[in-house]
A.B. asks: 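Supplied in structure tokens, the structure appears directly below.
Just so you know, these numbers use all the heavy atoms, side chains as well, and skip hydrogens, waters and symmetry mates. Naming convention: chains lettered A, B, ... in sequence-line order (proteins, then strands); numbering from 1 in each chain.
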Amino acid sequence: MKPEPLSETFVQEESYQTESTSKDRRTSSDSEHNFTDDEQTSDIEFDLDPRFLNTKYECLRPTPLKPKYNQSLVELLEVIEHSRELNGEERNALSYRHAIAALKAYPHNIKSYAEARKIIGVGPKIGNHIKEFLTTDTIPEAEEILASEKYQTLDIFSRVYGVGYKTALKWYRKGYKSIRECMRDPYLTHIQRLGLELFNDFQKKMSRQDIQELLGILDTIIKSIYSDCIITPVGGYRRGKEFNGDLDVVVSHPQEEIANNLLKDIVEKLMDTGHLKHKLFYARNKKDTSSELLSSHRNVMDKLDKCFCAFIQPSTQICRQVDLIIAPYSQYSTAVLGWTGSKQFERSLRNYAKKERNMTLTSHGLFLNVIPKRQVHVTSEREIFNILGIPWVEPEMRNC
DNA sequence: CGCTGGCAAACA
DNA sequence: TGTTTG
DNA sequence: ACAGCG
């Protein structure tokens, strides 16, 4: 559990923590011109605020939910990012996400094109958008996107559970303009029909209080089955979001045999008690205790069980999306880490593990990529950070 | 200039 | 296998 | 119609 040799990419233990207490001592930010060195390319960050860790790995620095600076710039870039996603331009969207994540973590407002371009992740194209923003206070392309009927329609359709950009585009081309029209489409999958029917409820955000109500129910019911289950809310709720579209929960139990059958038991009970209305997605992995098949002894290659549910919230009677994930005890910490997100934080972590540590991180384990692949046993989130040699990042600061 | 970019698993 | 999910 | 890296 000791940190591996550090690659000097991250050093600063301080300047790191939730920062704030911004005693603006000489951050070079006010003096809008650096003194001498303009051409002194000797070192990496000249102009950049030294509190900012300039890296392509978002997981190495804390990113708040709401940026303190560059907020409207971030919102506009997010419009372009989303538009790229809706057009299936995945790589392109990813580039915007890198730039956005950096701006959210950046400790003051960007003041110039040159400053922006020094940030890893901001290249010529996005740099130009920022330049436009600095003079016009908006980004023309983002405004055009927001005003376009196509974007508005695709945006709505793609929010339906079971609908991605391909289906959204298909419906748009058929001339549908509303959710109601989509419901008459003759080629709906079962899940899409459900998604359309539940659309209005699923669009309603849950307050933290709403979520606490649901957690109370889950806690009571799950513990009535096995009192020593461990129940951990993850997802946006754990990252501190005030309002959430769904609730993700990781459940585990110290005894492997019990954990193996837990999902079935929980789902049955939730059905019996009338809380669970629909199963949107049910993944049950063969626990395959038959020792004959597959690899050598000690196989234990079970993956997570999970069930994405439509769950009635008693106080409001609104249907809520609740994602239940059952993890064997041995995979509990990687499951919690993996399901806490954000999506970009996960991508970054896994990419870092692979590229910088020759390891593979997934929600069901941490592996060393030697031949054959060897599992690294971990028992806590902190231990995973330590092994990867990454400074601890609070869940509330994983919002990249 | 060419390659990579996070992943696994269900449904139709 | 392609599409979608978290 | 993106950006970084080797």
A.B. asks: Before giving the answer on salt bridge (charged side-chain N to carboxylate O under 4.0 Å, His left out), spell out for A:Asp210 and A:Arg320 the whole-Å C-alpha distance, their side-chain angles and the decisive distance to 0.1 Å.
C.D. replies: CA-CA 10 Å; A:Asp210 288 329; A:Arg320 305 299 199 178; 3.5 Å; yes
A.B. asks: Using only side-chain N and O atoms of A:Lys306, determine if any of them is under 4.0 Å from OP1 or OP2 of B:dA8.
C.D. replies: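 Checking B:dA8 against A:Lys306, no side-chain N or O comes under 4.0 Å of OP1 or OP2.
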A.B. asks: Please report the distance, rounded to the nearest Å, between OH in A:Tyr96 and P in D:dA1.
C.D. replies: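 So the OH-P distance, A:Tyr96 to D:dA1, works out to 9 Å.
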A.B. asks: What's the CG-P distance between A:Leu366 and B:dG6, to the nearest Å?
C.D. replies: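 Going from A:Leu366 (CG) to B:dG6 (P), I get 18 Å.
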A.B. asks: Looking at A:Arg97 and A:Glu58, does any basic side-chain N land under 4.0 Å from a carboxylate oxygen?
C.D. replies: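 Salt bridge absent between A:Arg97 and A:Glu58.
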A.B. asks: Between which nucleotides of DNA chain C, 5' to 3', does chain A make heavy-atom contacts below 4.0 Å?
C.D. replies: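 Here the contact window of chain A covers C:dT3 to C:dG6.
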A.B. asks: Which hydrophobic side chains are connected to A:Ile371, either touching it within the sub-4.5 Å cutoff or through other members that do?
C.D. replies: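 Members other than A:Ile371 - counting any ILVMFWY side chain reachable under 4.5 Å - there are none.
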A.B. asks: Any side-chain heavy atom of A:Leu388 sitting closer than 4.5 Å to one from A:Leu366?
C.D. replies: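 Sidechains of A:Leu366 and A:Leu388: in contact.
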A.B. asks: For A:Lys354, report the nucleic acid contact type (base, sugar-phosphate, nothing); a contact means any heavy atom under 4.0 Å.
C.D. replies: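 Sugar-phosphate contact only.
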A.B. asks: Taking the ring centre of each residue, are A:His98 and A:Tyr96 less than 6.0 Å apart?
C.D. replies: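 No, they do not, as the ring centres are separated by 6.0 Å or more.
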A.B. asks: Less than 6.0 angstrom separating the ring centers of A:His278 and A:Phe311, yes or no?
C.D. replies: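 Centroid distance A:His278-A:Phe311: not below 6.0 Å, so no.
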A.B. asks: Please report the distance separating the P of D:dC5 from the corresponding atom of B:dG6, rounded so that it comes out in whole Å.
C.D. replies: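 Going atom to atom, P in each nucleotide, I get 15 Å.
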A.B. asks: Salt bridge or not for A:Lys269 and A:Asp272, using N-O below 4.0 Å?
C.D. replies: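 Result for this pair is no, no salt bridge flagged.
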A.B. asks: Please work out which residues in residues 134-167 of chain A have a non-hydrogen atom less than 4.0 Å from an atom of DNA chain C and list them by number.
C.D. replies: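 Those residues are A:Val160, A:Tyr161, A:Gly162, A:Val163, A:Gly164, A:Tyr165, A:Lys166, A:Thr167.
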A.B. asks: I'd like to know if A:Arg398 and A:Glu381 make a salt bridge, using a cut-off of under 4.0 Å between side-chain N and carboxylate O.
C.D. replies: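 Between A:Glu381 and A:Arg398 there is a salt bridge, with a charged N closer than 4.0 Å to a carboxylate O.
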A.B. asks: Once you apply a heavy-atom cut-off of 4.0 Å, does A:Ile126 come out as touching a base, just sugar-phosphate, or nothing?
C.D. replies: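 Sugar-phosphate only.
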A.B. asks: Using a heavy-atom cut-off of under 4.0 Å over every strand shown, decide if A:Asp248 touches base, sugar-phosphate, or nothing.
C.D. replies: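 Sugar-phosphate contact only.
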A.B. asks: Taking only nitrogen or oxygen atoms into account, show me every contact under 3.5 Å that the protein makes with nucleotides 4-6 of chain D, one pair per line with its distance.
C.D. replies:
{"unit_1": "D:dG4", "atom_1": "OP1", "unit_2": "A:Gly121", "atom_2": "N", "d": "2.6"}

A.B. asks: Flag yes if more than 12 heavy atoms outside A:Glu143 fall under 6.0 Å of its CD atom; otherwise flag no.
C.D. replies: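 Buried by this count: over 12 neighbours within 6.0 Å.
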A.B. asks: Please check: side-chain N/O of A:Glu346 versus main-chain N/O of A:Lys343, any donor-acceptor pairing under 3.5 Å?
C.D. replies: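 Here the side-chain-to-backbone pair does not exist.
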A.B. asks: Between the side chains of A:Arg159 and A:Asp155, is the shortest nitrogen-to-carboxylate-oxygen separation below 4.0 Å, so that they form an ion pair?
C.D. replies: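 Yes, charged N to carboxylate O under 4.0 Å.
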A.B. asks: Do A:Glu213 side-chain atoms and A:Ser315 backbone N/O form a donor-acceptor pair below 3.5 Å?
C.D. replies: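 Between the backbone of A:Ser315 and the side chain of A:Glu213 there is a qualifying donor-acceptor contact (under 3.5 Å).
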A.B. asks: When rounded to the nearest Å, what value does the distance between P atoms of B:dG5 and D:dA1 take?
C.D. replies: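 Rounded to whole Å, the distance is 25 Å.
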A.B. asks: Could you state the atom-to-atom distance from CD of A:Glu346 to C1' of B:dG6 in whole Å?
C.D. replies: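 The answer, rounded to whole Å, is 9 Å.
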A.B. asks: Without decimals, in angstroms, what is the distance between A:Gln344 CD and B:dG6 P?
C.D. replies: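 Answer to the nearest Å: 7 Å.
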A.B. asks: What is the separation between atom CD1 on A:Ile384 and atom P on B:dG6, rounded to the nearest whole Å?
C.D. replies: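 Checked: the CD1 to P distance equals 19 Å.
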A.B. asks: Should side-chain heavy atoms under 4.5 Å link Ile, Leu, Val, Met, Phe, Trp and Tyr, which residues sit in the same cluster as A:Ile179?
C.D. replies: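 In the cluster with A:Ile179 are A:Ile156, A:Phe157, A:Val160, A:Val163, A:Trp171, A:Tyr176, A:Met183, A:Leu188, A:Leu196, A:Phe199.
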A.B. asks: Using a heavy-atom cut-off of 4.0 Å across all strands, would you classify A:Lys279 as base, sugar-phosphate, or nothing?
C.D. replies: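 The residue A:Lys279 makes no contact with any strand.
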A.B. asks: Using a 4.0 Å cut-off on heavy atoms, which residues in residues 170-207 of chain A reach DNA chain C? List them by number, or say none.
C.D. replies: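 The answer is none.
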A.B. asks: What I want to check is whether the side chains of A:His129 and A:Glu132 have a donor and an acceptor closer together than 3.5 Å.
C.D. replies: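 Yes.
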A.B. asks: I need the CZ-P distance between A:Arg97 and B:dT4, as an integer number of Å.
C.D. replies: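 My rounded result for the distance is 24 Å.
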A.B. asks: Rounded to the nearest angstrom, tell me the gap between atom NE2 in A:His364 and atom P in B:dG6.
C.D. replies: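 Interatomic distance, NE2 of A:His364 to P of B:dG6: 17 Å.
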A.B. asks: What is the distance, to the nearest angstrom, from the CE atom on A:Met359 to the C1' atom on B:dG6?
C.D. replies: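 Computing the A:Met359:CE to B:dG6:C1' distance gives 16 Å.
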A.B. asks: Between the main-chain N or O of A:Thr340 and the side-chain N or O of A:Arg239, is there a donor-acceptor pair closer than 3.5 Å?
C.D. replies: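 Yes: the side chain of A:Arg239 pairs with the backbone of A:Thr340.
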